[in-house]
> 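Take a look at the following structure, please.
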Amino acid sequence: MDGFYKLITEKKSLAQACEELSGEDVVGFDCETTELEPRDGKLRLLQLSGSKNTYVIDLRSFEGKKPLAENRDLDPLRKVLFAQRPIKVAHNAKFDSKWVAHHLGTDVGGIFDTMLASQLISAGERDRRHGLADVAAFFLGTEVDKSEQVSDWNAAELTESQIRYAAKDAAIMTGLRNKLLERLRVDGLEQVAELENACVMPIARMELNGFYLDGDSWLRHVEQIKEKRDEVASELQEMLSSAATQANLFGVAEINLDSPTQVSDALRQLGVPIEDSTSANQLEPFANDFPAVGKLLEYRALAKALSSFGENFLEFIRKDTGRIHSDFRQIGAPTGRFSSSNPNIQQIPHQEAYRRCFKAPDGRKLVIADYSQIELRILAEFSDDQSFIGSFVSGKDFHTATAAQVFNVNEEEVTPEQRSFAKRLNFGVVYGIGASRFAAMTGLTIREAEDTLRRYFTTYPRLDEWLRNAAKRAVSERMSRTASGRMMKFNFDQDDRSAVGAAGRNAKNFPIQGTSADILKRALSILHESLRGTSGIIVNTVHDEIIVECGEHDAEDVLEKLTASMESAAKEFLKKVPVKVDAHISDDWSK
DNA sequence: GTGAAGGGCCAC
DNA sequence: AAACGTGGCCCTTCAC
């Protein structure tokens with residue numbers, strides 16, 4: 001096995017290798033780096049493995065006065081990487097693509113990501129792992145030794161073992177892809193795999209780009225919240241401890257306001273009839289009768305604001321870019337939605353005070369676009385309910401149009417209360433809401449809530465039918481799909497009624513939420529190509545929203561391209577229901 | 001001291 | 001009788 005690879009350290013053999021590789025259909029692709037963040041370290045090795053040879057390129061020997069990105073000797077390599085062919089097979093290709101993008105200055109074209117393929121095949125099974133070693137063991141039945149992964153890739157002379165490890169990782173990729181392709185084909189997952197693979201580079205770039213955050217504005221806001229929090233905390237402390245002292249001979253005990261157990265004890269002393277939980281929706285009904293409850297809710301909101309979105313948030317701003325570079329997991333949820341962490345940029349509070357701190361730097365603009373009611377449009381498409389679809393075609397305001405139909409009045413006669421009911425119904429159905437929950441949410445009695453739900457589903461009979469069917473199929477087929485073919489398996493105990501119920505609600509929601517994710521991902525990959533040649537860079541995406549930063553001079557052009565990308569992506573999946581994208585140019589994220 | 005579990009709450 | 005879907009983060013509590 002020794003010497004199965006070729007180590008490349010100079011221009012001429014690199015050119016020859018790339019010449020050979022450019023004739024391949026598929027190559028394995030991997031990188032070894034000295035750090036995890038491209039801006040923090042060096043890209044040491046880049047491995048490409050074709051049908052004839054496995055090449056290990058030592059980029060240290062191409063370093064000079066100029067950065068690697070400007071070294072023309074690497075042009076042949078850039079060409080192979082950028083091209084759609086050969087296909088580059090990598091595990092967690094986002095990682096390698098970020099390093100190549102940052103250090104070599106090129107996108108990677110024609111990506112096949114074995115990690116994403118494995119995630120698609122496992123279809124939401126939570127206990128499956130998707131590291132390279134796990135995936136290779138599962139699909140190839142071979143052991144992969146990862147012990148050199150964390151070795152010193154900075155050393156002047158790499159050991160034979162290190163280079164062999166690097167070569168091996170790339171060399172197994174094409175065989176692994178073959179196994180995965182077979183399973184993707186059998187499971188009907190080829191289209192969604194293509195969609196995911198095309199999204200890797202846009203996301204890699206988005207993470208490198210980062211989202212500009214004005215730290216000073218953020219800090220000023222945090223200071224205000226702090227003052228309020230301290231004020232509210234002492235008031236609340238007073239209210240709660242006056243009750244505690246009566247029961248406590250040893251004097252006033254400070255209550256830990258962040259401890260649900262201590263807080264619920266204190267509230268009980270005050271006579272608040274708490275049941276099992278002190279969560280906001282449980283406490284809300286008592287806020288009028290017990291001032292301490294209202295005060296507690298006020299305190300919680302401020303405390304949450306300071307813990308999750310306080311000073312510590314500023315530590316995520318990179319000193320060298322002034323920007324936030326969150327991690328995005330491309331298949332963060334089984335539905336195909338992204339998840340985001342360090343920090344989670346998808347859960348920034350909606351209040352203007354926070355959102356306005358996310359800005360375009362001087363001389364630039366943000367172009368912000370989101371889909372209007374995308375999940376309800378998807379439900380309309382799936383159910384083919386003509387009245388429901390009609391609300392999108394005719395109505396100026398969707399919830400008003402729904403209210404008019406459900407309560408059988410003209411749109412002009414719809415009361416604010418009716419519209420509010422309609423809105424909550426529309427959102428609720430997507431999650432498989434039941435009467436009791438709807439009652440709790442609206443203050444209706446169970447009977448009234450049942451009536452209202454019945455009314456809604458009588459207005460939209462096909463919608464009701466589709467949702468019931470979705471739940472039924474989850475039980476019989478134990479599987480559900482989105483429009484792109486993305487799959488979710490259901491595993492539950494047939495005799496456990498609540499588990500069957502949960503699976504049913506899941507089956508109602510999965511195709512809707514998942515198709516929405518399909519559409520967004522298509523939009524991102526179309527957009528990424530469409531923005532070439534403009535000043536636009538994608539800086540964030542939140543489920544049905546995409547944010548692009550660009551120069552003032554071509555903001556209008558970018559807005560047009562963003563809108564067009566999102567619309568055409570949605571139209572690939574929605575044939576009967578119109579698509580609506582709202583887009584605008586702004587200086588910050590608040591507007 | 002560390003880490004898992006659970007409560008609570010932010011987003012869509 | 002009932003639990004309305006998908007995430008991540010912070011804090012407390014409790015076990016090792």
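So you know, we letter chains A, B, ... as the sequences are listed, proteins then strands, and number each from 1.
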> With a 4.0 Å cut-off on heavy atoms, is Ser498(A) in touch with a base, just the backbone sugar-phosphate, or nothing at all?
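The residue Ser498(A) makes base contact.
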> Could you state the atom-to-atom distance from CD of Glu545(A) to C1' of dC12(B) in whole Å?
10 Å
> For dT6(C), take OP1 and OP2 only and decide whether either is under 4.0 Å from a side-chain N or O of Asn506(A).
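For Asn506(A), the contact criterion (side-chain N or O under 4.0 Å from OP1 or OP2 of dT6(C)) is met.
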> Check Arg419(A) with Asp397(A), please: is the shortest side-chain N to carboxylate O separation under 4.0 Å?
yes
> Rounded to whole angstroms, how far apart are CZ on Arg337(A) and C1' on dG8(C)?
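Spelled out: CZ on Arg337(A) to C1' on dG8(C) is 13 Å.
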> Base, sugar-phosphate, or nothing for Arg329(A), non-hydrogen atoms under 4.0 angstrom?
sugar-phosphate
> Let's see if you can work this out: which of dC9(B), dA1(C), dT6(C) has an atom nearest to the side-chain heavy atoms of Thr335(A)?
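Of all the options, the side chain of Thr335(A) is nearest to dT6(C).
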> Within the 4.0 Å heavy-atom criterion, would you say Arg355(A) contacts the bases, only the backbone, or no part of the nucleic acid?
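The answer is sugar-phosphate, as Arg355(A) gets under 4.0 Å only of primed atoms, P, OP1 or OP2.
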> Using ring centroids (six-membered ring only for Trp), state whether Phe427(A) and His399(A) fall under 6.0 Å.
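Yes; Phe427(A) has its ring centre under 6.0 Å from that of His399(A).
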> From CZ of Arg505(A) over to P of dA3(C), roughly how many Å is that when rounded to an integer?
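Whole-Å distance recorded here is 9 Å.
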> Mind running a 4.0 Å heavy-atom check of residues 432-443 of chain A against DNA chain B and sending the residues that fall below it, in number order?
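Listed by number, there are none.
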> Which whole-number value in Å describes the distance from Leu453(A) CG to dC4(C) C1'?
12 Å
> Nearest to the side chain of Ser339(A), heavy atoms from C-beta on, is which of dT12(C), dG7(C), dC10(C)?
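The closest nucleotide is dG7(C).
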> Which residue in the set Phe316(A), Tyr354(A), Phe309(A) passes ring pair (Phe, Tyr, Trp, His ring centres under 6.0 Å) when paired with Trp218(A)?
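Of Phe316(A), Tyr354(A), Phe309(A), ring pair (Phe, Tyr, Trp, His ring centres under 6.0 Å) with Trp218(A) is met by Tyr354(A) alone.
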> How many Å lie between CE on Met488(A) and C1' on dG7(C), as a whole number?
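Computing the Met488(A):CE to dG7(C):C1' distance gives 13 Å.
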> For the residue pair Ile389(A) and Lys576(A), what are the closest heavy atoms and their distance?
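That would be CG2-O, 4.0 Å.
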> Side-chain N or O of Arg497(A) versus OP1/OP2 of dA2(C): is the shortest distance under 4.0 Å?
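For Arg497(A), the contact criterion (side-chain N or O under 4.0 Å from OP1 or OP2 of dA2(C)) is not met.
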> With C1' as the reference atom in both, quote the distance from dA1(C) to dC9(B) in angstrom, rounded to an integer.
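Rounded to whole Å, the distance is 26 Å.
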> Which heavy-atom pair separates Arg355(A) from Trp589(A) by the least distance, and what is that distance?
O-CB, 3.3 Å
> Using atom CZ of Phe313(A) as one end and atom C1' of dA11(B) as the other, report the distance to the nearest whole Å.
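After rounding, the gap between these two atoms is 12 Å.
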> If you only use heavy atoms from C-beta on, which nucleotide in dG5(C), dC10(B), dA1(C) is closest to the side chain of Gln347(A)?
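Given the options dG5(C), dC10(B), dA1(C), the side chain of Gln347(A) is closest to dC10(B).
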> With the threshold set at 4.0 Å, does a side-chain nitrogen-carboxylate oxygen contact exist between Glu375(A) and Arg337(A)?
yes
> Side chains of Tyr212(A) and Leu366(A): does their closest heavy-atom pair fall under 4.5 Å?
no
> With nearest nucleotide decided by heavy atoms, which residue, Asn342(A) or Ala333(A), maps closer to the 5′ end of DNA chain C?
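The residue mapped nearer the 5' terminus is Ala333(A).
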> Base, sugar-phosphate, or nothing: which does Ser516(A) touch, judged by heavy atoms less than 4.0 Å apart?
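No contact.
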> Using atom CD1 of Ile345(A) as one end and atom C1' of dG7(C) as the other, report the distance to the nearest whole Å.
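The distance from CD1 of Ile345(A) to C1' of dG7(C) comes to 15 Å, rounded to the nearest Å.
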> When the ring centroid of Phe388(A) is compared with that of Phe382(A), is the distance short of 6.0 Å?
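Between Phe388(A) and Phe382(A), the centre distance exceeds or equals 6.0 Å.
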> Would you classify Val542(A) as touching base, sugar-phosphate or nothing, given that sugar-phosphate means primed atoms plus P, OP1 and OP2, and contacts are heavy atoms under 4.0 Å?
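Touches sugar-phosphate only.
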> Rounding to an integer number of Å, can you tell me how far Gln513(A) CD sits from dC4(C) P?
16 Å
> Please tell me which of the listed nucleotides, dC10(C), dG7(C), dT12(C), lies nearest to the side chain of Asn312(A)?
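Output: dC10(C).
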> Over all strands shown, is Ile512(A) touching base, sugar-phosphate only, or nothing at heavy-atom distances under 4.0 angstrom?
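If one applies the 4.0 Å heavy-atom cut-off, Ile512(A) turns out to touch nothing in the nucleic acid.
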